[in-house]
Colleague: 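Submitted below is the structure of interest, expressed as structure tokens.
Below, all heavy atoms of this structure are taken into account, side chains as well, without hydrogens, waters or symmetry copies. The structure displayed is predicted, hence computed values, not measured ones.
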Amino acid sequence: MKSLARLWRWLNAYAAHSDPLTVAANWIAIVVAWNQPFYPLYLWAVVGADKIAPSFLTFLSTPFFLAVPAVARRHPMIGRLMLPMTGIANGIISTKAFGTGSGVEIFLIPCALIGAALFRPSERAAGLAIIAFSAGVYFIPDRFYGLPLAAYSAADNAAMVGLNALSAATLIVFIGLLLSGVVAASEKRRQAPRRK
């Protein structure tokens, strides 16, 4: 229990920042990195152990997700940009690994949401670029990716579509909850009586 409490304190300190949008980006990055090691297990459950090897390619993005809070500490906007850019790159790698039939491109939706929500009006160009890049990657032709790295059947693809849709939906809800917290904190600060 003590080690869990210590880990939680360390994660809170690692994600901490004076900018609430950066804190939200940091927590999204931490949660995604935390969940990545479980993806092969989920895949094992839906397609079998003999077809999970391509999932290990998704670990290429884990260090980048983990680095977001460290980068954001010095350069908040770059850290916030790094989060969806890492997600988009992971989406491209995952689509090559599993094929377009797996529905893994659905993870581009949370990337676009981050572009829409984690950038201030003065940073709108960066947010719009993330949204446009997410959309552009979605429309990459299937032939660009070639064959997936394992022989997935139609049933495998259907199972992966369900898994990926559930995972992306959960991530979108998590992002929404974080952002509602940012809005609530902003409202509290605005309504607090000012000291004279």
Colleague: Can you tell me how far apart CD1 (Ile114) and CG (Leu83) are? Round to the nearest 0.5 Å.
Modeller: 4.0 Å
Colleague: Spell out, as yes or no, whether a donor-acceptor pair under 3.5 Å connects the side chain of Asp156 to the backbone of Ser153.
Modeller: yes
Colleague: Could you walk me through whether Ile30 and Leu66 pass the side chain to side chain contact (heavy atoms under 4.5 Å, CB included) test, one step at a time?
Modeller: CA-CA 6 Å; Ile30 289 168; Leu66 288 173; 5.6 Å; no
Colleague: If you count the non-hydrogen atoms of other residues, nucleotides and ligands that lie under 6.0 Å from CG in Leu41, is the total more than 12?
Modeller: yes
Colleague: Taking all non-hydrogen atoms of both residues into account, name the closest pair between Ala72 and Asn26 and its distance.
Modeller: CB-OD1, 3.6 Å
Colleague: Is it true that Val68 and Leu7 fall in one hydrophobic cluster, defined by side-chain heavy atoms closer than 4.5 Å?
Modeller: yes
Colleague: Look at the side-chain heavy atoms of Ile, Leu, Val, Met, Phe, Trp and Tyr, link any pair under 4.5 Å apart, and say whether Phe107 and Ile140 land in one connected group.
Modeller: yes
Colleague: When you check the side-chain N and O atoms of Ser61 and Gln36, is any donor under 3.5 Å from an acceptor?
Modeller: yes
Colleague: Measure the CH2-CG distance between Trp27 and Leu178 for me, rounded to the nearest 0.5 Å.
Modeller: 9.0 Å
Colleague: Please confirm whether the backbone N or O of Pro76 pairs with a side-chain atom of His17, one donor and one acceptor, at under 3.5 Å?
Modeller: no
Colleague: In this structure, are over 12 heavy atoms from other groups packed under 6.0 Å from Phe64 atom CZ?
Modeller: no
Colleague: Would Phe139 end up clustered with Leu128 when hydrophobic side chains under 4.5 Å apart are linked, directly or stepwise?
Modeller: no
Colleague: When you group the ILVMFWY residues by side-chain heavy-atom contacts below 4.5 Å and let the links chain together, are Leu60 and Met82 in the same group?
Modeller: no
Colleague: At what distance, to the nearest 0.5 angstrom, does CG of Leu43 lie from OH of Tyr152?
Modeller: 5.5 Å
Colleague: Quick one: are Met77 and Phe119 in side-chain contact, heavy atoms under 4.5 Å?
Modeller: yes
Colleague: Can you tell me how far apart SG (Cys111) and CD1 (Ile88) are? Round to the nearest 0.5 Å.
Modeller: 5.0 Å
Colleague: Could you walk me through whether Thr95 and Phe98 pass the side chain to side chain contact (heavy atoms under 4.5 Å, CB included) test, one step at a time?
Modeller: CA-CA 5 Å; Thr95 304; Phe98 307 118; over 6 Å; no
Colleague: With a 3.5 Å distance limit and no angle check, can you tell me whether Arg80 reaches the backbone of Leu118 through a side-chain donor-acceptor pair?
Modeller: yes
Colleague: Between Lys96 (side chain only) and Tyr145 (backbone N and O only), is there a donor and an acceptor less than 3.5 Å apart?
Modeller: yes
Colleague: If you compare all heavy atoms of Val161 against all heavy atoms of Gly103, which two are closest, and at what distance to 0.1 Å?
Modeller: CG2-N, 3.8 Å
Colleague: Assess, by modelled atom type and distance only, whether the side chains of Asn164 and Tyr39 contain a donor and an acceptor separated by less than 3.5 Å.
Modeller: yes
Colleague: Checking the side chain of Asn35 only, and the main-chain atoms of Val31 only, is there a donor and an acceptor separated by less than 3.5 Å?
Modeller: yes
Colleague: Hey, could you give me the CD1/CG distance between Ile93 and Leu57, rounded to the nearest 0.5 Å?
Modeller: 7.0 Å
Colleague: Under a 4.5 Å side-chain heavy-atom rule over Ile, Leu, Val, Met, Phe, Trp and Tyr, are Ile28 and Trp34 clustered together?
Modeller: yes
Colleague: With side chain to side chain contact (heavy atoms under 4.5 Å, CB included) as the test, would you mind laying out the steps for Ser55 and Trp44 before giving the verdict?
Modeller: CA-CA 10 Å; Ser55 67; Trp44 185 353; over 6 Å; no
Colleague: Distance-only, no hydrogens or angles: does the Arg73 side chain make a donor-acceptor pair with backbone N or O of Tyr14 under 3.5 Å?
Modeller: yes
Colleague: So which heavy atom on Ile130 is nearest to which on Gly115, and how close?
Modeller: CG2-CA, 3.7 Å
Colleague: I need the minimum non-hydrogen distance between Val23 and Ala16, along with the two atoms involved.
Modeller: CG2-C, 4.3 Å
Colleague: Rounded to the nearest 0.5 Å, what separates atom CD1 in Ile109 from atom CD1 in Ile106?
Modeller: 4.5 Å
Colleague: How close do Ala117 and Leu21 get, heavy atom to heavy atom, and via which atoms?
Modeller: O-CD2, 3.9 Å
Colleague: If I compare all heavy atoms of Leu149 with all of Pro54, which pair ends up nearest, and what's the gap?
Modeller: CB-CG, 3.8 Å
Colleague: Please say whether more than 12 non-hydrogen atoms of neighbouring residues, nucleotides or ligands are located less than 6.0 Å from OH in Tyr138.
Modeller: no
